[in-house]
Amino acid sequence: MYLINKNIEFYPELYQLVNREKGGQPISLPVSASRCLLALVTNRRLVTQQELFVFAWGEQHSEITPNNLYQNISILRKTLKIMDGNAGNWINTVPKKGFIFNLNIAVEEIISDNIQADETTEDISNPENTIKNKPLLLKPIINNKHKVIFLSYVILAVIAFFLVNNLPPKKQVSESFVFYKKIGSCLVYINDDMQEKNIHEKVLEQLKPNCSKFPHAYITAYSIMHSATILTCNKPINGDKPHCVSLLLRGVRAS
């Protein structure tokens with residue numbers, strides 16, 4: 001998870017944004033737009049159009065037009081502005097080259113050490129349940145300010161409804177992985193949109209999963225990221241209340 005500007009949570013594997021200060025209600029992104037945002041916030045530099053094409057669309061990138069890319073960037077800008085009214089200049093265009101995420105906006109990677117789906121945690125097999133709704137905290141409103149705030153929320157709700165109903169349905173988490181290989185008693189799955197498998201092999205060289213307790217390993221890795229996330233579970237993630245542990249592996253490069 002990435003925390004943007006200290007108030008927006010970005011969950012790239014769920015393709016969702018959550019504003020901590022507005023009740024924690026998630027807004028879903030198209031898969032391609034979510035990957036564009038991931039590339040921008042993790043590479044604090046100019047990310048070229050070609051890099052975004054390859055990273056966001058994988059093997060199908062040659063079929064994507066610049067208009068498709070600009071439409072996804074537009075969706076990101078509008079959604080971020082819904083989340084934060086000052087987000088209009090967070091994604092900057094470098095004409096004929098690419099895009100860069102505003103270097104003045106803080107981006108912090110938050111690593112979760114333990115993900116458990118039991119009586120106290122929502123089922124990980126349903127992505128919408130992995131982000132709990134947070135209580136809406138409102139300060140007392142004086143005079144006619146409540147009218148302005150109420151109208152603002154109505155406008156935001158209408159925009160959010162329009163965006164959500166015009167976005168393609170998001171994948172279940174389990175649909176984002178394909179079976180790769182079996183190593184001992186471990187069943188290894190990798191992200192289905194990988195551009196190459198060399199980086200996954202590098203991850204496996206460094207990874208020493210506890211196959212006796214967590215025989216299902218789900219690896220998400222991209223050559224552009226130089227890092228990988230690994231989710232190891234005692235049951236398949238589309239099963240009944242799996243117990244999972246996540247970790248982040250840095251410095252992974254494809255040979």
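Model, not experiment: these values are computed from the prediction. The chain is numbered in sequence order, starting from 1.
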>> I want to check something: taking the side chain as every heavy atom from C-beta on, are L204 and I219 in contact at a cut-off of under 4.5 Å?
In response: yes

> Among pairs that include at least one residue of residues 83-101, which meet side-chain hydrogen bond (donor to acceptor under 3.5 Å, both in side chains), considering only residues two or more places apart or in two chains?
Replying inline: N5-D84, N7-D84, R77-T93

> Which heavy atom of S185 sits nearest a heavy atom of C211, and at what distance?
Replying inline: OG-CB, 3.1 Å

> Under 3.5 Å, side chain of E51 to main-chain N/O of T48, donor-acceptor pair present?
Replying inline: yes

> Please walk me through it: do K202 and N198 pass side-chain contact (heavy atoms from CB on, under 4.5 Å)?
Replying inline: CA-CA 6 Å; K202 290 293 183 180; N198 289 342; 5.7 Å; no

> So how far is it from F55 CZ to H61 NE2, rounded to the nearest 0.5 Å?
Replying inline: 14.0 Å

> Which residues satisfy the side-chain hydrogen bond (donor to acceptor under 3.5 Å, both in side chains) test with Y189, sequence neighbours excluded?
Replying inline: none

> So if you build clusters from Ile, Leu, Val, Met, Phe, Trp, Tyr with side-chain heavy-atom gaps below 4.5 Å, do L52 and V94 land together?
Replying inline: no

>> Count I, L, V, M, F, W, Y as connected when their side-chain heavy atoms are under 4.5 Å apart, and connections chain through other members. Are I100 and I73 then in the same cluster?
In response: no

> Is F179 linked to I237 within one hydrophobic cluster, defined over Ile, Leu, Val, Met, Phe, Trp and Tyr using a side-chain heavy-atom separation of less than 4.5 Å?
Replying inline: yes

>> Looking at every heavy atom in both C36 and L76, which two are closest together, and how far apart are they?
In response: CB-CD1, 4.1 Å

> Rounded to the nearest 0.5 Å, how far apart are CG of L37 and OG1 of T42?
Replying inline: 9.0 Å

> Rounded to the nearest 0.5 Å, how far apart are NZ of K241 and SG of C233?
Replying inline: 15.5 Å

>> Please say yes or no: joined through hydrophobic side-chain contacts below 4.5 Å, possibly via intermediate residues, are L46 and L40 part of one cluster?
In response: no

>> Run the side-chain contact (heavy atoms from CB on, under 4.5 Å) test on D192 and F177 for me, step by step, so that the C-alpha distance in whole Å, both residues' side-chain angles and the decisive distance to 0.1 Å come before the verdict.
In response: CA-CA 5 Å; D192 64 352; F177 296 92; over 6 Å; no

> Atom NE2 in H200, atom CD1 in I190: separation rounded to 0.5 Å?
Replying inline: 4.5 Å

> Going by heavy atoms in the side chains, are L17 and I82 under 4.5 Å from each other?
Replying inline: no

> V107 versus F10: any side-chain heavy-atom pair under 4.5 Å?
Replying inline: no

>> Once rounded to the nearest 0.5 Å, what's the spacing between atom OH of Y11 and atom CD1 of I110?
In response: 9.5 Å

>> Nearest 0.5 Å, please: how far is CD in E21 from CE in M83?
In response: 12.0 Å

> Which atom names give the shortest non-hydrogen contact between W57 and L69, and what distance separates them?
Replying inline: CH2-CA, 3.9 Å

>> If I compare all heavy atoms of F53 with all of T65, which pair ends up nearest, and what's the gap?
In response: CE2-O, 3.7 Å

> Minimum heavy-atom separation for C186 to F214, with atom names?
Replying inline: SG-O, 4.2 Å

> Taking all non-hydrogen atoms of both residues, which atom of R44 and which atom of N102 are closest, and how far apart?
Replying inline: NH2-O, 2.6 Å

>> Closer than 3.5 angstrom, by distance alone: can the side chain of K6 be matched with the main-chain N or O of A106 as a donor-acceptor pair?
In response: no

> Given side chains that start at C-beta, do those of P242 and N234 come closer than 4.5 Å, heavy atoms only?
Replying inline: yes

>> Please check: side-chain N/O of N19 versus main-chain N/O of Q25, any donor-acceptor pairing under 3.5 Å?
In response: no

